[in-house]
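Just so you know, these numbers come straight off a predicted model, no measurement behind them. Residue numbers start at 1 and run along the sequence shown.
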Amino acid sequence: TLVKCVKIQKGDLVACYLINSDLEEEALMQHGIVVDTNPSLNDVLVLDNYGHMRWWGENRWRILQKAKKTLDTPENI
């Protein structure tokens, strides 16, 4: 089985879920937009729903919606 790995990019809408054995389903903990990425560290800079901007490991976040245009190139800004 081939699993496609989708990389998180600037402009992606992402979410972080709380997964706990006491919960029947996962619970949404935070959501935000990716402001920057650091591929060498596999980190993403996320502006979250509380208004905080912080670097996180990209494995913490799940993509909710891909950016229609990436913000990496000036012509897309």
Side-chain angles (χ1 to χ4, degrees):
T1 307
L2 180 63
V3 176
K4 185 178 178 183
C5 181
V6 179
K7 287 297 265 182
I8 295 176
Q9 296 177 310
K10 291 180 189 178
D12 287 349
L13 182 62
V14 292
C16 175
Y17 294 89
L18 177 63
I19 301 171
N20 187 323
S21 59
D22 293 336
L23 299 173
E24 288 185 25
E25 297 181 17
E26 57 191 18
L28 179 63
M29 194 163 73
Q30 285 177 288
H31 61 275
I33 189 165
V34 178
V35 177
D36 200 0
T37 62
N38 184 330
S40 61
L41 296 176
N42 292 325
D43 283 352
V44 292
L45 181 62
V46 175
L47 174 62
D48 68 21
N49 54 299
Y50 299 110
H52 302 126
M53 196 165 6
R54 181 176 168 193
W55 285 98
W56 298 95
E58 69 178 14
N59 291 336
R60 177 183 180 93
W61 298 95
R62 187 182 310 164
I63 298 172
L64 292 177
Q65 182 175 345
K66 291 294 291 171
K68 298 210 185 306
K69 294 182 179 179
T70 111
L71 302 176
D72 291 332
T73 53
E75 61 269 10
N76 288 338
I77 296 176

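- Cluster membership for Val14 and Leu28, using ILVMFWY side-chain heavy atoms within less than 4.5 angstrom, is not shared.
- The two residues Asp36 and Lys10 come nearest to each other via the heavy atoms OD1-CE, 3.0 Å.
- Looking at residues two or more places apart in sequence or on another chain, you find no salt bridge (Lys or Arg N to Asp or Glu O under 4.0 Å) involving Arg54.
- Minimum heavy-atom separation, Gly32 to Leu13: O-CD1, 3.2 Å.
- The salt bridge (Lys or Arg N to Asp or Glu O under 4.0 Å) test applied to Asp12 returns Lys66, not counting sequence neighbours.
- Here the straight-line distance linking atom CD1 of Ile8 with atom CZ of Arg60 works out to 11.5 Å at 0.5 Å rounding.
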N/O donor to acceptor pairs below 3.5 angstrom from side-chain atoms of residues 40-51, sequence neighbours left out:
unit_1	atom_1	unit_2	atom_2	d
Ser40	OG	Asn38	OD1	2.7
Asp48	OD1	Tyr50	N	2.8
Asp48	OD1	Gly51	N	3.1
Asp48	OD1	His52	N	3.0
Asp48	OD2	Gln30	NE2	2.7
Asn49	OD1	His31	N	3.0

